[in-house]
Structures are given as C-alpha cells and as structure tokens.
Protein chains: 2
Amino acid sequence: MDISHTEENYLKAIFKISERDGKPASTNAISTEMETTAASVTDMVKRLSDKTLIHYERYRGVTLTGQGEQIATHLIRKHRLWEVFLVDKLHFSWDEVHEIAEQLEHIKSQSLVERLDEYLGFPKFDPHGDPIPDSNGNFAVRKQILLSELKPGERGEVVGVQDHTTAFLQYLDRMELALGTQVEVLEYFEYDESMRVLANNGREQVLSKKVCQNLFIQKH
Amino acid sequence: MDISHTEENYLKAIFKISERDGKPASTNAISTEMETTAASVTDMVKRLSDKTLIHYERYRGVTLTGQGEQIATHLIRKHRLWEVFLVDKLHFSWDEVHEIAEQLEHIKSQSLVERLDEYLGFPKFDPHGDPIPDSNGNFAVRKQILLSELKPGERGEVVGVQDHTTAFLQYLDRMELALGTQVEVLEYFEYDESMRVLANNGREQVLSKKVCQNLFIQKH
DNA sequence: AAATAATTTTAAGCCAACCTAAAATAGTAT
DNA sequence: ATACTATTTTAGGTTGGCTTAAAATTATTT
C-alpha cells in the first residue's frame, strides 16, 4: 500500500491535533490545520479510514490507528532530523528551516533516515528543542516548564520554544536567548506579568508575558 | 506559476530524449521514458505547452522552451548534487543513490541548492562522472571517449559510465574500476572485441566488449 | 423540550493525471 | 498512388484531492 504526500500531511495534522487537545481530532480542527474546507476533510478522512490509517465514525472525530501513528511519528522524525541537518550542516538559521523540512520529510527511504541520523550524531532534539522520535516512534521526554512558571530567584536553561513563528525566533536571536542559555529570574512584575531575567551571557532584560509563556525552561 | 512534480519529470524526460536523439522528443519516446501511455503524454504535452514550457505541434514532437530547459537542467543539477551528498556524506554506494535523488531533486528551495553545492565543495561531477550543471544550466564538458575506442598501448583515466544500472556499477566495484582509476589497454581481441587492461592498482584483466562500450575514459 | 447555532456530512462538480479504445495522421512499401 | 503499418491524437471514463452549497446531525441556549 502506498500513501500520498497529502495523506501523510493529514496524518501528521491529526497526530498534532490529538496530541495538543488530548482528544480525537474534529473535522473542523483538521480543516483549519490543513488550510482546507471541512468537506475536503470528510472526503479524505473516508479514504484514510478505508486504508485503516485512522479510526473514523461520522460526527465523532478521528484518531490514528497504530499504523497511522507510526507514519505520523516517522514523518516527525524525518522532519526534525532534516531540520538539524539544515541548521548544523548547511548553516540555515532556525527560523528558515521549517518549510524546507516540510518537503524533505516526505522523502521515502528507510536507509536514508537512518544514515542521516547517524551522520548528525543521533540528535535527540531539533533546532527548536523539539524531541526527535526514535525509529519506533518514541519521543524523549524532558521535564520542562514555561519560563512564566519560574519564580524569582529560580534558575534554568532555555531548552525549547512553544511558538515556532519566524517573528518569535528572530526576537529570541536579537535577545541572544538561544537554546542552552542559562537564565535566572530576578524579578516578577505583577502589573503586566513580565519578568526581569539574567542570562548567563551577562545580559539582563525584561521579558514580556507573551515571551515568558512561549519559552520552555529546564529548571535546575 | 507553479509546476508539479509530474510536470517536472516530463520536462526532464523531454530534455534527456532530445539530448540523446538530437531531435524533438516524440510522443512515443516520452511515453517509454515516463513508463506511461502515448495518450497520457499527449494530454500532458498540451498542458506543458499551455504553460509555455515546451514547443508543441501535433504529430511533430516537442522541444523545450528556454523556461522548460531551465527547469530541466535545474532538476538535473539538484539530482546530481544530492547524489554527491548521499555518496560523499552519507556513504551510500554509487548504485544506491539514483532513486533517492529522484525524490530529492523535487525539493523546492533555491537557497538549499546553493548551500548544498557549497557544502559539497562545488563538485563538477556526480558519483557516476556525470557533469553537474551550474545554476545557469551550463554543463562542464570533458573530452571523454569510450574505453572501446582506446588502442592497445594507449592510457587514460576512468571518468564516467554510460550504463547506470546497478548490475554494471556493482560489476565495476568488483573489478575495482572506480572513477579515477588509471588504465592502459594492453591487448585487443578481435574475436569478441574484448580488451586486456592494466589498472593502476596493478590489476590486469580482460574486459568484455559490453563493458568497454560503457566506460568513459579521459585519454592521456 | 424547543429553538437556535455550530459542526459535519452529502451532493454535485472541477481539475490533474492517468487509462483504454477508436479515429486520424504520418511514414513506408509496393 | 495506393495500401499497409506505425504513430499520434481524440473521445470517453476513472481516481485523488479539491471546491461550494445544501442537508443532516450535534451542541447550546432559552
């Protein structure tokens, strides 16, 4: 059985949505994620169901079958490995790689993925700090919290971003808040829920609520 | 205007055929190359003509327009650069890379190609000795001849293959006739048009007519 | 519980890319 | 020039993935 580029993208969307919402993916949620209409989704969902890649009952939303989930996690694995390649080897910046990886993730070759993984040194996280699943679809877990959850006096390391937009990533570049940066919360302002933060590069700056709620920190 | 994966493959096929035959690509030739029917080709050829990617007149065969040729050579450029990547960086053997590169060549990102080129050290030839066009579509030319054209006593360097099949490439591996091997023709047998050849690795062996007609040599 | 709103599905149809079978054209041989 | 053959095109139809508009179902409000 072969599966199209488009079908793969639907599976990935369904995976993403059910992970985020912790429940079956609704037709509407999928149509939003895929930037298409609800009718198109219903259409596709029937096909994916015929191929036993998802469980589907009318009006009930969809979940991935084992098979479907395997395809989805493998896509994510490929996407994130390629992102590492683009950043580490080709020196793209972390805000430029998503679209290209979106294409590269559809390349079909088992040995390619495994060799790429090895070539990159078996990375466990991509350039945005997102975990790279192993070939069985298992994600590394990390006890990370949002910077906004840190109390004054507490310290941690920047390990990931929740918001993947170019705007946010470029903002972080400007603020020199790369992954791996050690930070300490100096002060919390109730007024606008911002924080004064000291980074290990010596920079001390105030970060907005929005920024704090989009930065993942590993506490220590 | 955007162009599909399939359309790109047609353009590449047309380029290849007109290069090989030195005349417009016939519907039948294209259908053979694309492993499809003549009717499908006629269908597609009309669309490509509407997009001004080819010149087409019924029953007259097709040729690429400037635009079409640019797309075709750019595909070949990407294909061959990716082959170099797969062999040089991921250590695939030269008989394993074609299919994967066939997919990778469709990745759309100008900066990706240029960075890859740089990363690979601006290679001029791919792992099979085929020239890699520059970003303007210009191919390096090399005065190469077939081994079968060499006379006893003459020497040269193995620089490419005409036959790209796995069988031939693996045969060359066994015979230790990699690209770059220096060879000298010791003896020619009229009986079966085979040759006794001495390689710079000290190996002396008899190569069949078929082998000699599929190995490109740069004479010296 | 009934009415209203939101979501989802169905219906009907479009386009790209394919197919088979039949018709048209071109090329070749007599 | 005619007949035959090979090639190419047309005609008509399929499938995947998409659309809009209408109908059906579910969820929410009163």
Side-chain angles (χ1 to χ4, degrees), chain A residues 1-14 17-18 20-64 68 71-72 75 102-103 105-106 108, chain B residues 1-14 17-18 20-64 68 71-72 75 102-103 105-106 108:
Chain A
M1 188 239 305
D2 69 354
I3 175 162
S4 75
H5 191 111
T6 308
E7 288 169 325
E8 287 188 337
N9 285 335
Y10 270 93
L11 294 175
K12 200 165 51 116
I14 294 163
I17 293 163
S18 11
R20 163 164 52 78
D21 301 350
K23 59 179 179 187
S26 71
T27 301
N28 255 5
I30 299 170
S31 73
T32 301
E33 182 68 29
M34 294 294 296
E35 297 184 314
T36 184
T37 62
S40 302
V41 173
T42 301
D43 202 51
M44 174 59 87
V45 137
K46 284 176 187 165
R47 274 192 298 266
L48 293 174
S49 183
D50 290 345
K51 293 191 177 183
T52 70
L53 296 171
I54 61 174
H55 298 292
Y56 169 58
E57 264 179 289
R58 335 210 290 317
Y59 298 104
R60 292 277 112 89
V62 305
T63 55
L64 296 176
I71 293 170
L75 278 171
E102 205 71 8
Q103 299 177 59
E105 72 189 3
H106 296 289
K108 282 170 181 55
Chain B
M1 188 236 311
D2 70 354
I3 174 161
S4 75
H5 190 109
T6 308
E7 288 170 324
E8 288 189 334
N9 285 335
Y10 271 92
L11 294 177
K12 199 167 49 118
I14 293 164
I17 293 162
S18 11
R20 165 165 50 77
D21 302 349
K23 59 178 178 189
S26 71
T27 301
N28 255 5
I30 299 170
S31 73
T32 302
E33 182 67 29
M34 293 295 295
E35 296 182 317
T36 183
T37 62
S40 301
V41 172
T42 302
D43 203 48
M44 173 60 88
V45 137
K46 284 176 189 165
R47 274 193 298 268
L48 292 175
S49 183
D50 290 345
K51 293 190 176 184
T52 69
L53 297 170
I54 61 175
H55 298 292
Y56 169 59
E57 264 179 288
R58 345 211 282 318
Y59 297 105
R60 293 273 116 87
V62 304
T63 55
L64 296 176
I71 293 170
L75 277 171
E102 206 71 8
Q103 299 177 61
E105 72 188 6
H106 296 288
K108 282 170 181 53

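Each chain gets a letter, A, B and so on, in the order its sequence line appears, and its residues count up from 1. FYI, side chains are in, hydrogens and waters are out, and symmetry mates aren't considered; it's all heavy atoms of this structure.
- A heavy atom lying under 4.0 Å from DNA chain D marks the following residues of residues 40-49 of chain B, by number: B:Thr42, B:Lys46.
- For B:Glu7 and C:dA16, the CD to P distance is 8 Å, given to the nearest whole Å.
- C:dC18 atom P lies 12 Å from atom CD1 of B:Ile30, rounded to whole Å.
- Rounded to whole angstrom, the span from the CG atom of B:Asn28 across to the C1' atom of C:dT25 amounts to 14 Å.
- Place A:Glu35 and B:Tyr56 on DNA chain D by their nearest nucleotides, and B:Tyr56 ends up nearer the 5' end.
- Distances shown here put a side-chain N or O of A:Thr27 below 4.0 Å from the OP1 or OP2 atom of C:dT9.
- Looking only at distances, a side-chain donor or acceptor of A:Gln103 sits under 3.5 Å from a matching main-chain atom of B:Lys108.
- Chain B approaches DNA chain D over the interval D:dT7 to D:dT10, counting the first and last nucleotide 5' to 3' with an atom under 4.0 Å from its heavy atoms.
- In this structure, OG1 on B:Thr36 lies 11.0 Å from CD1 on B:Ile30, to the nearest 0.5 angstrom.
- Heavy atoms of B:Thr37 sit under 4.0 angstrom from at least one base atom.
- With hydrogens and angles disregarded, a donor-acceptor distance shorter than 3.5 Å links the side chain of B:Ser31 to the backbone of B:Asn28.
- Atom OG1 of B:Thr42 sits about 11.0 Å away from atom CZ of B:Arg47, to the nearest 0.5 Å.
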Run B:His106 and B:Asn9 through side-chain contact (heavy atoms from CB on, under 4.5 Å) and show every step you take. CA-CA 9 Å; B:His106 296 288; B:Asn9 285 335; 3.0 Å; yes
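- When atom types are taken as modelled, the side chain of A:Ser49 and the backbone of A:Val45 share no donor-acceptor pair closer than 3.5 angstrom.
- The pair A:Asp50-A:Lys46 fails the salt-bridge criterion, with no side-chain N (NZ, NE, NH1 or NH2) lying under 4.0 Å from an Asp/Glu carboxylate O.
- At whole-Å resolution of the value, CG in B:Asp50 and P in C:dC15 are 13 Å apart.
- Put simply, B:Thr36 has no side-chain N or O that comes within less than 4.0 Å of OP1 or OP2 on C:dA17.
- Residue order along DNA chain D, read from the 5' end via each residue's closest nucleotide, puts A:Lys51 first among A:Lys51 and A:Arg60.
- Rounding to whole angstrom units, CG of residue B:Asn9 and P of C:dA17 are separated by 11 Å.
- Atom CZ of B:Arg58 and atom P of C:dA23 are 17 Å apart (whole Å).
- Ion pairing between A:Lys12 and A:Glu33 fails under the 4.0 Å rule for side-chain N and carboxylate O.
- Note that the CD1 atom of B:Ile54 and the OG1 atom of B:Thr63 stand 8.0 Å from one another [nearest 0.5 Å].
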